[in-house]
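Below is one structure, written out as structure tokens, with a few remarks after it.
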Amino acid sequence: MSNGLNPEQQEAVQTLSGPLLVLAGAGSGKTRVVTFRIANLIKHGTAPDRILAVTFTNKAAREMRERIAHMSGKKTKSHRPGKPDGGPVVGTFHSNCVQILRRHAKRLGYPDKFAIYDRSDQESVARDVLRQLRVHSGMMKPGDFLSHISRWKNAGVRWQQAGELAKTDVEHVAASGYRRYQQAIKLVGAVDFDDLLLLTEELFREHEDIRLKESGLYDHILVDEYQDTNQSQYSIIEQLAKGHRNLCVVGDDDQSIYGWRGAEVQHILNFKNDWPEAKVVRLEANYRSSGAILDFANRLIAFNKVRHDKVLRAARGAGKPPRILQFKTELDEARGTVDEIARILDTRARQPGDFAILFRTNEQPRVFEMELRRAKVPYSLVGSQSFFDRKEVRDLLAYLRIVDNSKDEVSLLRIINTPQRGIGEKTIENLLAAAVNRGIPMWEMMEDPALISTLPEPAKQGVARIQSLVDRLKAMLADEKSSMADVMRQLISSVDYMGYIDRTYPSPEEAQARKDSLEEVVNAIAEYETENRDPNLSDFLDEVTLSGKEFGSPKEKQTQQNAVALMTYHSAKGLEFPIVYMVGMEEGILPHRRSISDNVDDVEEERRLCYVGVTRAQDELTMSLPLTRKKWGKQRDTFASRFLYELTGQADNPNRMKSIQGVRKEIKQGEAAAKRAKTKAGTAGTAGGKKASPKRGS
DNA sequence: CTGATTGACGTTTTT
DNA sequence: CGTCAATCAG
């Protein structure tokens with residue numbers, strides 16, 4: 001074997017035509033197989049740019065591009081099919097859909113320059129919709145509302161049909177909100193992340209000419225992490241591949257962890273039904289982890305009922321047995337873990353980048369971050385509050401988005417009075433109402449002299465100022481001589497954003513930190529400009545929205561290169577580390593309380609999550625739990641995760657059942673308390689007078 | 001219109 | 001115990 005692949009891997013690499021399902025276990029060299037197969041296709045005469053590889057994350061796309069470039073010496077491009085620079089097209093579902101939609105938006109009644117709304121933009125639209133519907137936050141919060149819509153969209157349900165499907169009161173409210181939400185974002189020419197997929201699917205389904213044109217761009221399609229495709233993605237792939245049938249999908253049903261986002265394991269389990277002539281290759285040899293770690297993984301996942309039966313074979317020796325540690329509090333857990341890492345680093349046997357600390361929720365890492373900072377261990381927190389979520393960064397981007405596309409209402413509302421320029425709440429309300437009334441974007445409404453004349457003097461001036469600012473920036477952008485970074489700098493000084501920061505944040509350190517992140521935005525734009533052949537604002541904004549987290553400053557990137565990784569199990573998928581710590585192994589966290597109910601638990605996906613965590617580890621694995629955790633101001637007892645018993649082969653240990661029952665009881669009590677609070681609130685409304693007086697007395 | 005204070009509330013994961 | 005939204009006095 002010239003390239004060091006085993007026979008199964010060889011088979012996957014050498015099957016060059018027709019449908020191919022690669023059932024790849026964790027650590028089976030999946031990524032290598034995919035890249036080798038692409039190289040092989042090219043070697044056998046496929047033009048590189050007629051190969052489309054779809055990845056799940058931007059990071060995976062970037063890595064694959066690098067590997068391919070490394071192997072073939074060919075450059076690959078991110079997601080610009082049709083341009084003559086050669087390599088295979090590698091990108092995520094979302095980035096590919098954006099490209100397709102940008103080419104055909106008009107056919108769906110969208111403007112060429114549609115904005116892409118991310119989670120935070122969506123929330124602001126959702127808040128507005130809920131306010132219009134007079135929905136109290138006790139009934140439904142913006143997040144809940146959006147997950148209803150998202151679930152419908154993932155299942156291909158449009159707002160016209162949602163009402164019929166709604167059963168509960170909450171669903172009915174969500175359904176009527178769905179209509180308003182969808183009309184609102186369409187009016188401002190925006191699409192959300194789900195729309196990117198939904199609209200592409202619709203485009204292909206309703207316009208055969210477009211489907212033929214787009215699918216005709218490729219002769220081969222490869223899809224990674226196929227177990228995580230949802231309904232729209234499944235359909236898009238089918239539409240693209242049904243002509244040539246050269247479709248290779250790679251995945252592992254045991255690592256399906258995005259069910260909550262509409263992913264359906266059935267797609268990978270049923271692949272042979274949809275593509276009957278498909279060849280199936282199973283990769284069950286694991287090259288990543290030590291035997292002892294794999295034993296844990298195999299024992300654990302065997303508890304799941306819905307799965308392809310498979311057992312990972314260890315290609316390596318047994319290695320160190322994994323450890324399970326208990327600490328008194330979550331602070332002790334963090335301290336113990338970090339101290340150990342620091343100690344190992346002192347011996348120089350390992351580098352910071354060899355370690356990962358994995359957890360379930362984004363709130364867990366706080367303590368670990370504190371401890372890592374104290375111990376002066378470099379770390380990088382993946383996900384969570386990303387750079388582009390910081391207020392000042394979002395503000396600047398909102399300005400850019402207005403310059404790019406003045407219809408973008410969410411962005412306009414964000415910066416219309418930031419920094420303050422005398423346009424108050426009342427004025428905004430009036431503008432908005434008038435715009436809605438006439439069915440035009442707010443920005444256009446602001447250009448109506450009749451309306452302007454009704455505004456109070458300060459607001460009048462404010463509107464004039466923001467209009468002239470945007471005009472100036474637009475002109476500057478069109479001017480060849482000034483770069484996008486120049487436009488950005490001009491913007492910051494024109495609105496005196498620095499002064500705004502000084503006024504808003506009295507602490508000098510915080511003010512400086514915020515100013516630094518402004519600088520980083522300018523750097524990011526400058527970097528984008530130097531790295532892209534045909535830089536333009538729309539494209540920059542797309543990239544930021546679709547992959548915001550990975551855009552950090554050069555400085556940030558460097559420190560992240562060799563740092564202890566702090567991340568969720570979800571973000572860890574596809575990665576590997578010599579030393580892994582899985583922390584907070586408690587009932588209620590992993591499995592998460594939301595998957596546990598009175599007597600029927602739905603924890604299979606949580607178990608897969610745990611499995612993903614275990615199989616990230618190459619040499620050493622440590623699982624830990626604090627015996628108490630601070631919650632709502634009180635230190636409370638925790639229960640050991642049922643998974644700890646399962647993976648150590650102690651499933652019949654009575655303590656496992658005690659744990660499960662313990663957490664169920666706790667959840668039940670929590671629910672009862674919530675109910676009591678709710679009824680109390682209800683009665684307080686009618687009999688409010690009775691209870692109010694004693695409180696005021698003090 | 002702006003900045004400060006008080007009260008309610010707290011169940012997950014992300015392209 | 002913190003966070004954030006709603007509320008209130010300049």
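Reminder, nothing fancy here: chain letters follow the sequence lines and each chain counts from 1.
At least one side-chain nitrogen or oxygen of A/N362 sits closer than 4.0 Å to the OP1 or OP2 atom of B/dT13. Contact annotation: A/N417 side-chain N/O to B/dT2 OP1/OP2 distance is under 4.0 Å. Distances shorter than 4.0 Å separate none of the side-chain N or O atoms of A/T361 from OP1 or OP2 on B/dT11. The phosphate of B/dT12 has neither OP1 nor OP2 within less than 4.0 Å of any side-chain N or O from A/S595.
Atom C1' of nucleotide B/dT13 and atom CZ of A/R607 are separated by 18 Å, given to the nearest angstrom. If you take CD1 of A/I589 and P of B/dT13, they are 11 Å apart, rounded to a whole angstrom. A straight line from CD1 of A/I149 to P of B/dT14 spans 20 Å, rounded to a whole angstrom. Distance, A/I416 CD1 to B/dT2 P: 12 Å, rounded to whole Å. Between the P atom of C/dG2 and the CD atom of A/Q364 lies a distance of 18 Å, rounded to the nearest Å. Atoms CG (A/L609) and C1' (B/dT12) sit 9 Å apart, rounded to a whole Å. Atom CG in A/D228 sits roughly 17 Å away from atom P in B/dT13 (whole-Å rounding). For the pair A/W260 CH2 and B/dT11 P, the computed distance is 16 Å after rounding to whole Å.
Nearest to the side-chain atoms of A/E606 among the listed nucleotides B/dT14, B/dT12, B/dT15 stands B/dT12. Closest to the A/R360 side chain, of the nucleotides B/dT14, B/dT13, B/dT15, is B/dT13. Minimum atom distance to the side chain of A/R594 is reached by B/dT12, of the listed B/dT12, B/dT15, B/dT14. Considering only the side chain of A/T568, B/dT13 comes nearest among C/dC1, B/dT15, B/dT13.
Taking the six-membered ring where the residue is Trp, the centroids of A/F368 and A/F359 are separated by 6.0 Å or more.
Comparing C/dA5 with B/dT12, their C1' atoms sit 23 Å apart, to the nearest whole Å. Comparing the same atom, P, in B/dT13 and in C/dC4 gives a spacing of 14 Å after rounding to whole Å.
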(request) Under the side chain to side chain donor-acceptor pair (under 3.5 Å) rule, what do A/T568 and A/S571 come out as? Steps first, then yes or no, please. (result) CA-CA 5 Å; A/T568 62; A/S571 330; 2.7 Å; yes
(request) Kindly indicate, with the supporting measurements, whether the criterion side-chain contact (heavy atoms from CB on, under 4.5 Å) is fulfilled by A/R307 and A/V265. (result) CA-CA 9 Å; A/R307 62 187 289 260; A/V265 210; over 6 Å; no
(request) Step by step, work out the salt bridge (Lys or Arg N to Asp or Glu O under 4.0 Å) result for A/R62 and A/E66. (result) CA-CA 6 Å; A/R62 200 180 338 107; A/E66 276 163 19; 5.2 Å; no
(request) Mind running side chain to side chain donor-acceptor pair (under 3.5 Å) on A/Q635 and A/E330 for me, showing each step along the way? (result) CA-CA 10 Å; A/Q635 206 74 33; A/E330 75 272 29; 3.3 Å; yes
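Residue A/R366 is classed as a sugar-phosphate contact, given heavy-atom separations below 4.0 Å to backbone atoms only. Heavy atoms of A/Y569 sit nowhere under 4.0 angstrom from any nucleic acid atom. Within 4.0 Å of A/Y258, counting heavy atoms only, lie sugar-phosphate atoms of the nucleic acid but no base atom. Within 4.0 Å of A/Q420, counting heavy atoms only, lie sugar-phosphate atoms of the nucleic acid but no base atom.
In terms of position along DNA chain B, the nucleotide closest to A/I423 lies nearer the 5' end than the nucleotide closest to the other residue of the pair A/I423 and A/H592. With the nearest nucleotide of DNA chain B identified for both A/T427 and A/R593, A/T427 has the one nearer the 5' end.
Because its NZ or CZ atom is not both nearer than 6.0 Å to the ring centre of A/Y110 and within 45° of the ring axis, A/R102 does not count as a cation-pi partner of that residue.
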